[in-house]
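Beneath this line is the structure, given in structure tokens, with notes to follow.
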Amino acid sequence: MSFLNNTKIAVIGGGSWATALIKILCEQQHIQIRWWLRNGNDIEHIRKFHHNPSYLSDVYLSPKKVKVFEKTKEAVKGADFVILAVPAAFVQESLQDLNESHLRGKRVVSAIKGMIPEENILVTDWISEKYKVPLNDIAVIAGPCHAEEVALEKQSYLTISSTDAGCAEDFSKLMTCRFVTAHPLADLYGVEYAAVMKNIIALACGITHGLGNGDNFQAVMVSNAMQEIRHFVTALDPRERQLSTSAYLGDLLVTAYSQFSRNRLFGNMIGRGYSVKAAQLEMKMIAEGYYATKSIFELNKKLHVELPITTAVYRILYQEESPSLVIEELKKVLK
Ligand SMILES: NC(=O)c1ccc[n+]([C@@H]2O[C@H](COP(=O)([O-])OP(=O)(O)OC[C@H]3O[C@@H](n4cnc5c(N)ncnc54)[C@H](O)[C@@H]3O)[C@@H](O)[C@H]2O)c1
Ligand SMILES: O=P(O)(O)OC[C@H](O)CO
């Protein structure tokens, strides 16, 4: 019997990505999914009707495979893998009832493309420091993949990155199904930082589009962004990496250009004149790039890497500078 049979997976989070990941996992024949959501009404609804009423409500969630829990402690009980799929800003609050013992012996997979705000550290580092999970038992899910397209069963690709090849390979098998191909990769930090930074770039693309700039300028910004990502990631973790592959460039492209991108949508509202508060209130979904901008900007105070796009977004979001003036200045430094 392969390890895929009867694998128990806890999923933490009730948003679109958690729902999409559960849909992918439900493609495995013998699997037990233990799902924690914070919203009690959603829990009731899923138990009764087998759909998440708040996100991707068309997705059927097989009751034979999916059990829903009110408490995180219950959800992680006996799990082989624990997937974290809440926005980074809420991960501490979501896991507050857990201690080291609850995650002992389990592999933890972060599906989060963000950093812990205030601490400015990667989610994987936070998990390994706070819960003493060995780094080799930690992985991240990356790649150009929107939950909305998973719901529609559109062919998608994921990258599972870990410092441990076995951990990445095992989890890739669980994530591969009729409409998803998952590949393992051994670049935990590179993949995770690139995923955080692409959200800032998508926000910048949204801002410039909202201001009336076109595809020509966006193409220049995306290509400059790859340099920005390369320099920053290399300063933190120097090594050979193929940044033109889907885990890095692919993810940046889908976020920068897709109609489904939360970060681009959020930026677009800012470009059209919304305040940060108004844009956040208007969106039911979370734009990770808002928090990431501050974390990367703060982290860079020690590294001093040239980050013109991130700096421009920081000035607009956190220093309330005029989007049009900041983007006009940015145009002078991009090549
Ligand atoms: N949606 C995607 O296509 C996609 C793809 C890849 C990665 N991700 C990543 O997955 C993570 C989750 O994003 P998502 O798209 O599922 O989010 P979402 O915007 O669809 O849903 C918002 C989530 O935030 C939770 N939330 C909102 N306010 C909260 C609060 N005050 N306290 C605690 N939780 C709160 C909601 O319960 C819900 O789980 C993010 O890091 C995102 O970058 C998303
Ligand atoms: O494109 P966004 O801003 O919705 O982010 C979602 C995912 O990170 C895409 O891979």
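First listed ligand is number 1; within each ligand, the first listed atom is number 1. Keep in mind that what you see is a predicted model, and the values were worked out from it rather than measured.
The residue among P87, A89, P144, S261 with a heavy atom at the shortest distance from atom 13 (O) of ligand 1 is P87. Ranked by closest heavy atom to atom 31 (N) of ligand 1, the top entry among Y291, F90, W17 is F90.
Between K332 and E329, none of the side-chain N atoms (NZ, or NE/NH1/NH2) sits under 4.0 Å from a carboxylate O, so this pair counts as no salt bridge. Between R47 and E70 a salt bridge is recorded (basic side-chain N to carboxylate O distance below 4.0 Å). Ion pairing of R262 with E148 is present here, as a side-chain N (NZ or NE/NH1/NH2) and a carboxylate O approach within less than 4.0 Å. A salt bridge links E321 with R315: at least one charged nitrogen is closer than 4.0 Å to a carboxylate oxygen.
Close N/O approach between S94 and ligand 1 is not found [any backbone or side-chain N/O within under 3.5 Å].
Side-chain N or O atoms of Q28 include one that pairs as donor or acceptor with a backbone N or O of K173 at under 3.5 Å. A donor-acceptor distance shorter than 3.5 angstrom exists from the side chain of S161 to the backbone of L188, with no hydrogens or angles considered. Listed for the R34 side chain is a donor-acceptor partner under 3.5 Å among the backbone atoms of A75.
Distances from ligand 2 to the non-hydrogen atoms of A147 include no value under 4.0 Å. By the 4.0 Å heavy-atom criterion, A202 is excluded from the residues contacting ligand 2.
Note on ring orientation: taking the six-membered ring where Trp is involved, the planes of Y314 and Y318 are parallel (angle under 30°, cut-offs 30° and 60°).
Residue contact check: H146 has heavy atoms under 4.0 Å from atoms 3 (O) of ligand 1. For ligand 2 and K113, the ligand atoms under 4.0 Å from any heavy atom of the residue are 7 (C), 8 (O), 9 (C), 10 (O). Remark: ligand 2 atoms within the under-4.0 Å shell around heavy atoms of G143 are 10 (O). Heavy-atom proximity to A111, at under 4.0 Å, picks out these atoms of ligand 1: 7 (C), 8 (N), 9 (C), 10 (O). Atoms of ligand 1 found under 4.0 Å from any heavy atom of C145, numbered from 1 in the order shown, are 3 (O), 5 (C), 6 (C). Set against the non-hydrogen atoms of F260, the atoms of ligand 2 under 4.0 Å away are 4 (O). Ligand 2 places these atoms under 4.0 Å from at least one heavy atom of D251: 9 (C), 10 (O). For ligand 1, the atoms lying closer than 4.0 Å to a non-hydrogen atom of G15 are 16 (O), 20 (O), 21 (O), 38 (C), 39 (O). Listed by number with element, the atoms of ligand 1 under 4.0 angstrom from any heavy atom of A147 are 1 (N), 2 (C), 3 (O). Close approach of ligand 1 to I112 is summarised as follows: ligand atoms under 4.0 Å from at least one heavy atom of the residue are 41 (O). Each of the atoms 1 (O), 2 (P), 3 (O), 9 (C) of ligand 2 lies under 4.0 Å from some heavy atom of T255. Per-residue contacts place G14 under 4.0 angstrom from the following atoms of ligand 1 (heavy atoms of the residue considered): 39 (O). Atoms of ligand 1 lying under 4.0 Å from any heavy atom of E93, numbered from 1 in the order shown and given with element: 32 (N), 33 (C).
Contacts between K284 and ligand 1 below 4.0 angstrom, taking non-hydrogen atoms only, are absent altogether. The part of C145 lying near ligand 2 is the backbone, judged by heavy-atom distances below 4.0 Å. Neither the backbone nor the side chain of W17 comes within 4.0 Å of ligand 2, counting heavy atoms alone. Counting heavy atoms closer than 4.0 Å to ligand 1, residue Y55 contributes side-chain atoms (C-beta onward) but none from N, CA, C or O.
From the protein, the heavy atom lying nearest to atom 19 (O) of ligand 1 is I286 N, 2.8 Å. The protein atom (non-hydrogen) at minimum distance from atom 42 (C) of ligand 1 is E288 CG, 4.0 Å. Looking only at heavy atoms of the protein, atom 1 (N) of ligand 1 is closest to R262 NH2, 2.9 Å. What sits closest to atom 3 (O) of ligand 2 on the protein, heavy atoms only, is N263 ND2, 2.5 Å. Protein heavy atom at the shortest distance from atom 1 (O) of ligand 2 is H146 NE2, 2.6 Å. Nearest protein heavy-atom contact of atom 7 (C) of ligand 2 is K198 NZ, 3.4 Å. What sits closest to atom 12 (C) of ligand 1 on the protein, heavy atoms only, is A85 O, 3.5 Å. For atom 18 (P) of ligand 1, the closest non-hydrogen atom of the protein is S16 OG, 3.8 Å. The protein atom (non-hydrogen) at minimum distance from atom 34 (N) of ligand 1 is R38 NE, 3.2 Å.
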Please tabulate, for side-chain N and O atoms in residues 280-291, each donor-acceptor pair with protein atoms closer than 3.5 Å (sequence neighbours left out).
from, atom 1, to, atom 2, distance (Å)
K284, NZ, S54, O, 2.5
E288, OE2, A88, N, 2.8

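Exactly one of V222, N224, N216 qualifies for a side-chain contact (heavy atoms from CB on, under 4.5 Å) with V220. That residue is N224.
Within a 6.0 Å radius of CD in Q96, other residues, nucleotides and ligands contribute more than 12 heavy atoms. The 12-atom threshold is not exceeded at CD of E44, counting heavy atoms of other residues, nucleotides or ligands nearer than 6.0 Å.
A continuous path of ILVMFWY side-chain contacts below 4.5 Å connects I141 to I33, so both sit in one hydrophobic cluster.
Every residue two or more places apart in sequence or in another chain was checked for a ring-ring contact (aromatic ring centres under 6.0 Å, His included) with Y193, and none qualifies.
Considering only heavy atoms from C-beta on, Y248 comes within 4.5 Å of L185 through its side chain. Side chains of T310 and V313 form no contact here, defined as non-hydrogen atoms less than 4.5 Å apart.
To the nearest 0.5 angstrom, D237 atom CG is 11.0 Å from E192 atom CD.
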